[in-house]
*Asks:* 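The structure that follows is given in the form of C-alpha cells.
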Amino acid sequence: MARTDAGRRYRIGRADLRDALTWRAVLGSVTVLLLTVGFYTGIGLLRSQGGAEPGAYLQSMAFQLRMMVPIVGVVFGYSAIARRRERHTIRLFLSASYSREDVYVGTLASRVVAASLPAGITASTICGIVLALASPRPMALVVFCLSTLALTGAFTSVAVAAPVVGGTARRALGASLLVFVTSIVLWSPVVSLATLPTEGSGASETISGLVWSLAPTQAYSFLVQAGVPGVDGPGAIVVAASGLSLFGWSFLPAVIGHWWFSRMDI
C-alpha cells in the first residue's frame, strides 16, 4: 500500500515538475542569485581585504542569500495549487483514483525540488569559489549548503500552503511575502519586547537569540555562523532552536496546507 501511495505521488510530482522546471525559470533564478551574491562579495571582499577569508565570505554569502532564496521559494511555490484549481486538473486527478493527499504531497515535493535546484546550484558555486580562494573546513561548506536548501524548502512549503488557505494565487503571494518581510524587517520589535523583562541580565542574550531563531531567515544565518570555525557565533541552544525552527517552517505549513486542502471545496 505504501509503495502504491508513493508511486501515485511520484507520478503527480513528476508531472508538476515539468511545469515548474522551465528553463527560463531555472536560468533566471540562478542568474539573479549569482549576480546578487557575486558582485557583492566576490569583488567587494577581495578589494577591501586583499584576499578572501572563507568564514567571512560564507557569512557574507548567507546574508545575501537570506534575502534572495526565500523569494525563489515563493515564486516557485505560490501558484502551484491555485493554477491546478483554475485549470481543473485537481478534479481530473481525483477522478482518476488519486487522493487529495497524493495531489498535495506530490505537488509540494515537486515545487521544493524545483526551487532547490537554482538554490543548490548557487550554493555549490559559492562553495567552489571558497575552495578556489582558500582551504576551508568541509563541514562549514556542508552546513552552508544544507542550511540554504532548508531555507528554500521552508519558504516553498509556506508558498504552496498559502493558496490553499487564502484561496487565490494573489493572496498566496501576498501572504508568503508577508512572512518574508516579517522575518527580515518586522521581527526586531518582537525580539525587543520579548527581552524587555530580562534586560540587563545574563539570560537576555540567550532569550534574544531564541526569539530571533523563530524567524526562518535569521535561523538560517545562525546555522551558517555555527558552521564557520573561529567565529563567535550563537550558543548551542540557539543553534538547536534554529535547526528546529527551519524544520518547523518546512513541516507545519505542509501539515496545515494538507489539512485545509483535504477539506476545501475543489
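Heavy atoms only: backbone and side chains are in, while hydrogens, waters and symmetry mates are out.
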*Asks:* Does a side-chain heavy-atom distance below 4.5 Å link F63 with Y220?
*Replies:* no
*Asks:* I need the W212 CH2 to I207 CD1 distance, nearest 0.5 Å.
*Replies:* 15.5 Å
*Asks:* Identify the heavy atoms of S157 and P253 that sit nearest to each other, and give their distance.
*Replies:* OG-CB, 3.6 Å
*Asks:* Give a yes or no on whether V69 and L177 share a hydrophobic cluster (residues Ile, Leu, Val, Met, Phe, Trp, Tyr; joining criterion: side-chain heavy atoms under 4.5 Å apart).
*Replies:* yes
*Asks:* Working to the nearest 0.5 angstrom, can you tell me the gap between Q64 CD and T122 OG1?
*Replies:* 12.5 Å
*Asks:* Report whether V143 and L244 are members of the same hydrophobic cluster (ILVMFWY, side-chain heavy atoms less than 4.5 Å apart, transitive linking).
*Replies:* no
*Asks:* Specify the closest pair of heavy atoms between V211 and W187, including all atoms of both residues, with the distance to one decimal.
*Replies:*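 Nearest heavy atoms, V211 then W187: O-NE1, 2.8 Å.
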*Asks:* Spell out, yes or no, whether W259 and V160 are grouped together once hydrophobic residues are joined by side-chain heavy atoms under 4.5 Å, including indirect joins.
*Replies:*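 W259 clusters together with V160.
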*Asks:* Got a second to check how far L178's CG is from L186's CG, nearest 0.5 Å?
*Replies:* 7.5 Å
*Asks:* Let me confirm one number: the OG-CD1 distance from S242 to I237, rounded to the nearest 0.5 Å.
*Replies:*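 If I round to the nearest 0.5 Å, the distance is 11.5 Å.
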*Asks:* Quick check: closest heavy atoms across F76 and P118, and the distance to 0.1 Å?
*Replies:* CE1-CG, 4.0 Å
*Asks:* Applying a strict under-4.5 Å side-chain criterion to I, L, V, M, F, W and Y, I'd like to know whether L141 and M139 cluster together.
*Replies:* no
*Asks:* Hey, quick one: are I71 and L246 part of the same hydrophobic cluster, counting side-chain heavy atoms closer than 4.5 Å, chains of contacts allowed?
*Replies:*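 Yes: a chain of side-chain contacts under 4.5 Å links I71 to L246.
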*Asks:* Just how far is it from atom CD1 of I184 to atom CZ of R66, taken to the nearest 0.5 Å?
*Replies:*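 These two atoms lie 4.5 Å from each other.
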*Asks:* Using the ring of each side chain (for Trp, its six-membered ring), is F180 parallel, tilted or perpendicular to F155, with breaks at 30° and 60°?
*Replies:*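 Judged by the thresholds at 30° and 60°, the geometry between F180 and F155 is perpendicular.
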*Asks:* On a heavy-atom basis, which atom in S116 and which in L149 lie closest, and how many Å separate them?
*Replies:*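 Result for this residue pair: O-CD2, 3.8 Å.
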*Asks:* side-chain contact (heavy atoms from CB on, under 4.5 Å) between W249 and L151: does it pass, once the steps are laid out?
*Replies:* CA-CA 9 Å; W249 279 103; L151 182 65; over 6 Å; no
*Asks:* To the nearest 0.5 Å, tell me how far T156 OG1 sits from Y78 OH.
*Replies:*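 Those atoms lie 13.5 Å apart.
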*Asks:* Return the minimal non-hydrogen interatomic distance between V238 and G209, and the atom names on each side.
*Replies:*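 Closest approach of V238 to G209, heavy atoms only: CG1-O, 3.7 Å.
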*Asks:* Under 3.5 Å, side chain of S213 to main-chain N/O of L210, donor-acceptor pair present?
*Replies:*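 Pair found, side chain donor or acceptor close to backbone of L210.
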*Asks:* Output, in order, the C-alpha distance, side-chain angles, deciding distance and verdict of side-chain contact (heavy atoms from CB on, under 4.5 Å) for R263 and R100.
*Replies:* CA-CA 9 Å; R263 288 159 178 79; R100 293 193 179 209; over 6 Å; no
*Asks:* Determine, step by step, whether F144 and L65 satisfy the side-chain contact (heavy atoms from CB on, under 4.5 Å) criterion, reporting the C-alpha distance in whole Å, the side-chain angles of both residues, the deciding distance to 0.1 Å, and the verdict.
*Replies:* CA-CA 11 Å; F144 174 76; L65 288 182; 3.6 Å; yes
